[in-house]
Amino acid sequence: MNWKTLGDTHLRRLKPLVFLAALLPLGLLLTAAWQEQLGANPIEKITHNTGYWTLTFLLISLGVTPLRQLSGVNWLIRLRRMLGLFAFFYACLHFLTYLVLDQFFDWSAIAKDILKRPYITVGFAAFLLLIPLAVTSTNAMQRRLGGKNWKRLHRLAYLIAGAGVAHFAWLVKKDLSRPLLFGAVLAVLLGLRWFYRFRASRLRRSYSSV
Amino acid sequence: MKLSGIPATPASEITPRELFYQRRHFMQLALGGSTALLASAAFGGEKLASSLSEAYGLTDKLTPLEDVSQYNNFYEFDTSKEGPAKMAGRLKTRPWTVSVEGEVRKPKQFAIEDLLKLAPMQERIYRLRCVEAWSMVIPWLGYPLAELLKQVEPTSDARYVEFVSLHDPEQLPGQRRAVLEWPYREGLRIDEAMHPLALLTFGLYGEVLPNQNGAPVRMVVPWKYGFKSAKSIVKIRLLKQQPTTSWMQAGPNEYGFYANVNPEVDHPRWSQAKERRLGEFLKRPTLPFNGYAEQVAGLYAGMDLTKNF
């Protein structure tokens with residue numbers, strides 16, 4: 001079996017494993033909650049944890065294409081939807097934590113936050129932008145939109161990840177090291193994408209000039 | 001704030017620490033955890049005698065010792081909340097001297113042993129409001145800073161007091177990174193520093209301060225955001241001019257010199273109207289001057305507190 005070209009049967013077996021692995025952060029968080037290991041400020045911990053995994057899954061899903069191009073492992077692309085949906089899943093948990101645990105449906109406080117606090121504004125916008133991507137993630141929607149439109153829409157993922165990094169950087173009091181690390185990874189992924197696109201267009205040009 | 005009906009029992013006598021930890025340890029073992037062991041390891045546990053100052057009792061429920069000593073902002077160790085408790089073993093609090101100098105007639109170096117005996121130790125239950133919008137209630141042990149300042153006889157030029165914390169990256173590994181400008185510096189106006197609420201603090205929960213809470217000596221200024229209360233102090237300088245503090249340098253439009261708890265004046269990036277008292281689910285409204293308005297509001301008569309934030 002050549003692992004670079006995984007057949008459908010193997011992929012069918014791999015997918016549930018990836019699915020379970022992606023649920024692991026939630027499992028660990030729930031276990032910690034059950035064992036009362038969330039520390040003195042559990043709500044803050046849950047908020048930070050779900051936010052961290054949202055950004056992580058966003059970056060992982062954005063890493064699929066560059067990784068595929070670097071490694072030539074094409075079946076990776078078939079995991080991308082699941083990884084992107086997990087980013088949405090953790091974003092929902094993050095938003096629900098804010099809505100229920102942190103603010104407890106204090107709508108006026110939430111409205112003020114969204115309007116007045118840039119980090120909340122940006123974070124909330126990023127969350128809203130994720131919704132159309134999740135909704136159009138099915139094969140049927142992909143067909144209905146057409147490949148080109150679908151691709152254009154899903155390029156929003158980069159904007160969303162950028163907004164997510166800004167959201168994180170804006171809320172830390174002083175130590176920017178973790179948001180900057182996320183930002184650096186995002187920059188590398190964007191850089192790789194541009195590099196491949198640039199190379200592809202040059203190749204096309206050199207072919208057409210032959 | 002005189003509140004009748006509060007038993008004048010120091011926290012150290014309510015539940016013996018050993019018993020407290022035994023219970024917790026049992027519960028956590030039952031749950032398969034192990035933080036109780038860590039917690040007791042990071043704790044000196046040396047008793048500190050005091051009498052409860054009835055005038056400074058509070059009906060608010062105390063924040064458990066475990067939370068007080070495991071959830072800390074002490075960037076000299078680490079910028080996470082759990083980090084300081086893990087790193088705190090590196091700090092050596094003996095020998096320790098505090099130099100009191102500047103605009104004073106009798107500058108002096110105080111050994112920590114002498115500071116501990118300088119005035120009767122009182123237990124005071126104070127609210128602590130962090131600028132990050134969470135709060136605790138802590139039984140501190142100490143005496144008013146005024147007792148120390150009187151000893152050095154400030155001159156009429158002494159209009160401000162600056163507190164300088166220990167700078168030693170060997171003991172305080174967080175100082176290897178320039179997160180803030182080290183050493184940590186904080187300050188008060190002289191009338192704030194002389195106010196009876198401003199507590200020179202040596203202990204909490206009936207024992208000497210855990211290192212991660214600012215051992216061996218720190219300030220507690222309960223009507224101001226937590227960062228105003230300098231920890232692990234090595235120098236107190238009386239000054240003519242208002243000092244620039246580490247947080248003012250870090251973010252001049254976010255952290256002012258006064259930093260009085262004020263629900264009306266938001267941090268530029270988040271609201272200060274409410275706070276989460278650790279252990280409670282719903283946020284509670286933040287009180288002007290953290291509930292100490294009656295005692296301290298007079299210090300700021302005629303000042304625009306939105307400008308002097």
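We use all heavy atoms of the structure for the numbers below, so side chains are in, but hydrogens, waters and symmetry mates are not.
- Side chain of B/R276 to main chain of A/N41: no donor-acceptor pair is present (N/O by atom type, distance under 3.5 Å, no hydrogens or angles).
- Environment of CZ in B/R176: crowded, with over 12 heavy atoms of neighbouring residues, nucleotides or ligands closer than 6.0 Å.
- Atom CD of B/E181 sits in a sparse spot, with 12 or fewer heavy atoms from other residues, nucleotides or ligands closer than 6.0 Å.
- When heavy atoms are compared at a cutoff of 4.5 Å, A/D106 approaches chain B solely by way of its side chain, counted from C-beta outward.
- Scanning all heavy atoms of the two residues, the minimum distance from B/R269 to A/V172 falls at NH1-O, 2.8 Å.
- We find that A/D175 and B/R177 are joined by a salt bridge, their nearest charged nitrogen and carboxylate oxygen being less than 4.0 Å apart.
- Of the atoms belonging to B/W134, it is side-chain heavy atoms, and not backbone ones, that fall under 4.5 Å from chain A.
- For A/R155, the CZ atom sits in a packed shell: over 12 heavy atoms of surrounding residues, nucleotides or ligands are nearer than 6.0 Å.
- With respect to the salt-bridge test (charged N to carboxylate O, under 4.0 angstrom), the residues A/K174 and B/E254 do not qualify.
- Distance check, rounded to the nearest 0.5 Å: CG of B/N73 to NZ of A/K173 gives 4.5 Å.
- For A/K45, the part lying near chain B is the side chain, with the backbone staying farther off; criterion is any non-hydrogen pair under 4.5 Å.
- The two atoms that bring A/L101 and B/F281 nearest to each other are O-CE1, 3.5 Å, heavy atoms only.
- Open room surrounds CZ on A/F19; 12 or fewer heavy atoms of other groups in view lie less than 6.0 Å from it.
- Of the atoms belonging to B/V131, it is side-chain heavy atoms, and not backbone ones, that fall under 4.5 Å from chain A.
- The two atoms that bring B/H267 and A/R117 nearest to each other are O-NH1, 3.7 Å, heavy atoms only.
- Taking both residues in full, the closest heavy atoms of A/K116 and B/D266 are given as NZ-OD2, 3.6 Å, listed atom of the first, atom of the second, then distance.
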